[in-house]
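See below for the structure under consideration.
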Amino acid sequence: MKCVICSSQDIEKKYVDEEIRVKNDVIMVNIHTLVCGSCGERYYDRHTIKTLEEIKENLSCKRIKLDVIGSVLRFPGKADNAAVS
């Protein structure tokens, strides 16, 4: 197989963290997929895409309990200050 982005043949199966965004939340899902070793392009098979779509749907309906691994905080910027003033 050759990478469609950089034409490298250095493509192998790896575990990667895929981000799923639901409202203000970012959920990291560890998946096993093909990844180009040169440019990082990822190749998902149909089963993986379907799994990610099901996870996103279940998250939207709050059918999955998540482990909290940290927090994301926002430093107030100019746009935030303008709304407060």
Side-chain angles (χ1 to χ4, degrees):
M1 181 174 175
K2 189 160 81 168
C3 179
V4 298
I5 302 299
C6 71
S7 300
S8 171
Q9 293 190 2
D10 181 22
I11 296 176
E12 59 188 15
K13 278 257 191 186
K14 290 185 176 182
Y15 282 97
V16 295
D17 284 329
E18 182 65 32
E19 288 184 3
I20 295 178
R21 294 179 180 268
V22 178
K23 297 184 182 176
N24 288 330
D25 297 324
V26 177
I27 296 89
M28 305 302 292
V29 180
N30 194 257
I31 58 171
H32 199 220
T33 194
L34 291 170
V35 179
C36 176
S38 295
C39 72
E41 180 70 9
R42 297 175 182 180
Y43 297 91
Y44 304 110
D45 59 27
R46 289 180 186 161
H47 175 72
T48 303
I49 293 291
K50 184 173 180 177
T51 300
L52 290 170
E53 288 171 348
E54 288 172 355
I55 291 171
K56 186 169 184 173
E57 181 181 326
N58 286 329
L59 287 167
S60 296
C61 298
K62 301 189 184 223
R63 289 183 275 201
I64 296 177
K65 179 162 174 30
L66 300 173
D67 295 329
V68 177
I69 58 171
S71 298
V72 177
L73 306 172
R74 178 181 300 186
F75 183 81
K78 291 182 181 181
D80 293 327
N81 287 337
V84 173
S85 300

Is there a continuous path of hydrophobic side-chain contacts, each under 4.5 Å between heavy atoms, that joins [X] to [Y]?
X	Y	answer
Val4	Met1	yes
Ile20	Val16	yes
Ile11	Ile49	no

In the structure I gave you, are the side-chain heavy atoms of [X] and [Y] within less than 4.5 Å of one another anywhere?
X	Y	result
Leu52	Glu18	yes
Val35	Glu12	no
Cys3	Cys39	yes
Cys36	Ile5	no

Pairs where residues 28-64 contributes a residue and the test ring-ring contact (aromatic ring centres under 6.0 Å, His included) is met, not counting sequence neighbours: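 Residue pairs passing ring-ring contact (aromatic ring centres under 6.0 Å, His included), neighbours aside: Tyr15-His32.
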
Distance, nearest 0.5 Å, that separates CD1 of Ile27 from CG of Asp17: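 Ile27 atom CD1 to Asp17 atom CG measures 12.5 Å (nearest 0.5 Å).
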
side-chain contact (heavy atoms from CB on, under 4.5 Å) assessment of Thr33 paired with Lys14: CA-CA 6 Å; Thr33 194; Lys14 290 185 176 182; over 6 Å; no

Salt bridge flag under 4.0 Å for residues Glu54 and Lys56: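 Salt bridge flag = no for Lys56 with Glu54.
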
Smallest separation among heavy atoms of Ser8 and Asp10, with atom names: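 The pair with the smallest heavy-atom distance is OG-N, 2.9 Å.
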
